[in-house]
Amino acid sequence: MAHPSMLLHRHLASLPSNTFFFLPATLALFTTLFILFYIFTTPSLFISHQHKHNLKYPLGPSQSSPLTPILPSNGSFHLSAKFPFNDVFGGEDGTVNPVSSRSHFGSKGNSMNDTDVFRDGDIFLEDYQQMNRSFKIYVYPHRRDDPFAHAFLPVDFEPGGNYASESYFKKALMNSHFITEDPRKADLFFLPFSIARLRHDRRVGGGGIQSFIRDYISNISTKYPYWNRTGGADHFYVACHSIGRSAMAKAEEVKLNAIQIVCSSSYFLPGYVAHKDASLPQVWPRTDDPPTITTSERKKLAFFAGAINSPVREKLVKFWRNDSEIYAHFGRLKTPYADELLGSKFCLHVKGFEVNTARIADSLYYGCVPIILANYYDLPFADILNWKCFSIAVVTVDIPLLKKILRGITSDEYSSLRGHVLKVRKHFQWHVPPIDFDAFFMVMYELWLRRSCIRMSND
């Protein structure tokens, strides 16, 4: 068969000179034929090209795209067994081998960035050093005799509980070199109210937080000039409890303009603006060093335990509660929670009332590869970390196919995932005082990325 370019040359040579008026149409026709010839004779290259660029397909709670893996803006690696993996990866028995995508692993099952868990490690390290040198935060001052001092000042004890991240951050920030007492030098302004503490204050409670925040913003915007200069765009607050999102209902300017560092970071729900706001990792406090347990001691394929407080968890338990490889529990465990995490290869983070729980940090701490079953979750530090290399996200509609998906991950691929788990888990731990690259410094870097590009003059 003659090459399309040869056909074009012969055709043009045969044309009389007065026919060159039709040359553009002729070129367009032959260009189209050439493109179609190229596509239909190189199908494997075309499919590989799709994966290389990580095409996005939005997924709703009740729908799944036939084209996966999916790389949404949070960077997590979504899997769906509906994709014809056999056509792409050449498995003779049709076994689902979802992590074999060339955009994720190399031809020998090794990650393309074995030593790099960052999106761009060089840029991150350079910016991180600059952040430590120059980043400054101004905190609105509050006296210790203020009636709500407990909500504005850092706690004087070791934070605890499921929402400790909020208290850990404030405690670390207030004793850090990032604080400036000169607002003219500030890159950002911190709104130091504690949603968790206000929630338990009988004078405020869950029902009064919205009015409290509205009055607080009104107060600082009247007393200080900084809020009004930018409409709050260079201000931020931190909250881990989900009530923090609804707390801004009477202070729309906070929700729309200020930077919200929250645990309940979902693309799907209103009030959270991706890239303006950022995800705070929900971390259960632990003071001991992370355990080290080898892969060979992990006998269970996957593990989950928790309350049945969402349709996703209900579906998970329905399909896998009696399985011999996937342990899906609800209610009280008969064995220690830590032992289950240590004995499992994969640990399931499953959406409850919110997309966030402490289970991702739990998995990482115990060296277990996180499986994320929470659509629309803007994962913590997604601007920094390459979540594809240490976690797997499965769309919730594919819960019945979970075992097939996990069995399709080869031992080399699992070793790569777990190796990266051990590298990133230091970023999901709090320390007093903080340690370089721990959760505090990672949140500070997220703020650094969101600082105002224009310094406002202090009139």
Side-chain angles (χ1 to χ4, degrees), residues 137-157 159-176 178-181 183 186-228 230-265 271-273 276-280 282 356 430 440 443-444 446-447 450:
I137 305 292
Y138 180 79
V139 183
Y140 286 101
H142 294 278
R143 303 187 315 272
R144 293 199 171 275
D145 60 352
D146 187 302
F148 291 96
H150 71 291
F152 292 120
L153 300 177
V155 296
D156 55 2
F157 52 83
N162 212 22
Y163 309 107
S165 292
E166 176 185 307
S167 296
Y168 266 112
F169 175 82
K170 186 193 294 187
K171 190 177 182 72
L173 176 65
M174 298 300 287
N175 292 287
S176 74
F178 295 110
I179 295 296
T180 179
E181 295 182 1
D187 296 289
L188 294 176
F189 294 78
F190 180 42
L191 305 170
F193 49 76
S194 168
I195 295 297
R197 306 212 82 186
L198 289 171
R199 174 173 168 263
H200 292 292
D201 190 317
R202 292 182 178 180
R203 297 168 295 175
V204 182
I209 290 181
Q210 295 179 357
S211 297
F212 185 96
I213 300 300
R214 177 200 59 200
D215 295 343
Y216 178 77
I217 297 301
S218 176
N219 181 46
I220 64 166
S221 63
T222 301
K223 188 175 181 180
Y224 301 95
Y226 316 119
W227 178 275
N228 297 324
T230 64
D234 54 359
H235 287 56
F236 73 96
Y237 78 92
V238 175
C240 198
H241 196 282
S242 58
I243 202 172
R245 185 179 61 251
S246 60
M248 306 303 142
K250 295 183 180 179
E252 286 287 313
E253 63 272 33
V254 177
K255 181 170 63 177
L256 298 177
N257 299 339
I259 302 166
Q260 302 177 102
I261 309 295
V262 294
C263 289
S264 53
S265 49
Y272 180 83
V273 183
K276 174 183 78 70
D277 303 328
S279 181
L280 181 70
Q282 188 169 342
N356 58 289
W430 297 98
F440 169 71
V443 173
M444 291 303 296
E446 289 280 25
L447 288 166
R450 288 160 174 77

Visitor: What heavy-atom pair brings Cys263 and Ser279 nearest, and what distance separates the two atoms?
Guide: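 In terms of heavy atoms, the two residues are closest at O-OG, 4.4 Å.
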
Visitor: To check you understand the geometry: which heavy-atom pair defines the closest contact between Ala164 and Gly160, and what is its length?
Guide: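 That would be CB-O, 3.6 Å.
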
Visitor: Hey, does Lys170 have a side-chain heavy atom less than 4.5 Å from the side chain of Val238?
Guide: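 They are not in side-chain contact.
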
Visitor: Which donor-acceptor pairs under 3.5 Å do the side chains of residues 189-201 make with protein atoms, sequence neighbours left out?
Guide:
residue	atom	partner	partner atom	Å
Ser194	OG	Glu166	OE2	2.5
Ser194	OG	Arg197	N	3.1
Arg197	NH1	His150	O	3.1
Arg199	NE	His241	NE2	3.3
Arg199	NH2	His241	NE2	3.4
Asp201	OD1	Arg203	N	2.8
Asp201	OD1	Arg203	NE	3.1
Asp201	OD2	His150	NE2	3.0
Asp201	OD2	Arg203	NE	3.4
Asp201	OD2	Arg203	NH2	2.8

Visitor: Is the side chain of Ser246 donor-acceptor paired with the backbone N or O of Ile243 at a distance under 3.5 Å, no angle test?
Guide: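 Judged by distance alone, yes, a pair lies under 3.5 Å.
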
Visitor: Does the side chain of Leu280 come within less than 4.5 Å of Val443's, by heavy atoms?
Guide: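 Contact flag for Val443/Leu280 side chains = yes.
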
Visitor: What are the two closest non-hydrogen atoms of Trp227 and Glu253, and how far apart are they?
Guide: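 Looking at all heavy atoms of both residues, the shortest contact is CZ2-CG, 3.2 Å.
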
Visitor: Would you name the heavy atoms of Tyr138 and Thr180 that are closest together and state the gap between them?
Guide: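 The answer is CD1-O, 3.4 Å.
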
Visitor: Is the side chain of Asp234 donor-acceptor paired with the backbone N or O of Leu188 at a distance under 3.5 Å, no angle test?
Guide: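 Absent.
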
Visitor: Verify, without hydrogens or angle tests, whether Ser218 (side chain) and Asp215 (backbone) share a donor-acceptor contact under 3.5 angstrom.
Guide: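 No, the answer is negative, given that no donor and acceptor are paired below the 3.5 Å cut-off.
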
Visitor: Using 0.5 Å steps for rounding, measure from the OH atom of Tyr237 to the CD1 atom of Ile217.
Guide: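 Output value for this atom pair is 10.0 Å.
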
Visitor: Which heavy-atom pair separates Arg143 from Ala149 by the least distance, and what is that distance?
Guide: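 Here Arg143 and Ala149 meet closest at O-CB, 3.6 Å.
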
Visitor: Does the side chain of Lys250 reach to within under 4.5 Å of the side chain of Ile213, using non-hydrogen atoms?
Guide: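 Lys250 does not reach Ile213 side chain to side chain.
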
Visitor: Any side-chain heavy atom of Leu173 sitting closer than 4.5 Å to one from Ile179?
Guide: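 When only atoms from C-beta onward are counted, Ile179 and Leu173 do touch, with a gap below 4.5 Å.
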
Visitor: Taking the side chain as every heavy atom from C-beta outward, state whether Trp430 and Lys171 have any atom pair closer than 4.5 Å.
Guide: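 A side-chain contact under 4.5 Å is absent here.
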
Visitor: Return the CZ to OH distance between Phe148 and Tyr216, rounded to the nearest 0.5 Å.
Guide: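 It is 12.5 Å, given to the nearest 0.5 Å.
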
Visitor: Are Phe440 and Phe169 an aromatic pair, judged by ring center distance below 6.0 Å?
Guide: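 Ring centroids of Phe169 and Phe440 are less than 6.0 Å from each other.
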
Visitor: Would you confirm whether Asp277, through its side chain, and Gln260, through its main-chain N or O, come within 3.5 Å as a donor-acceptor pair?
Guide: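 Yes; judged by distance alone, with no hydrogens or angles, the pair exists.
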
Visitor: Give me the atom names and distance for the closest heavy-atom approach of Asn257 to Gly231.
Guide: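 In this case the closest contact between Asn257 and Gly231 is ND2-O, 2.9 Å.
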
Visitor: Checking side-chain polar atoms at under 3.5 Å, does Ser264 have a donor or acceptor matched by the opposite partner on Ser242?
Guide: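 Distance-only check fails for Ser264 and Ser242.
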
Visitor: Do the side chain of Glu446 and the main chain of Ile261 share a donor and acceptor less than 3.5 angstrom apart?
Guide: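 No; judged by distance alone, with no hydrogens or angles, the pair does not exist.
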
Visitor: I need the Cys240 SG to Gln282 CD distance, nearest 0.5 Å.
Guide: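 If we round to the nearest 0.5 Å, Cys240:SG and Gln282:CD are 4.0 Å apart.
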
Visitor: Do the non-hydrogen side-chain atoms of Tyr140 and His235 ever get within less than 4.5 Å of each other?
Guide: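 Touching, per the 4.5 Å side-chain cut-off.
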
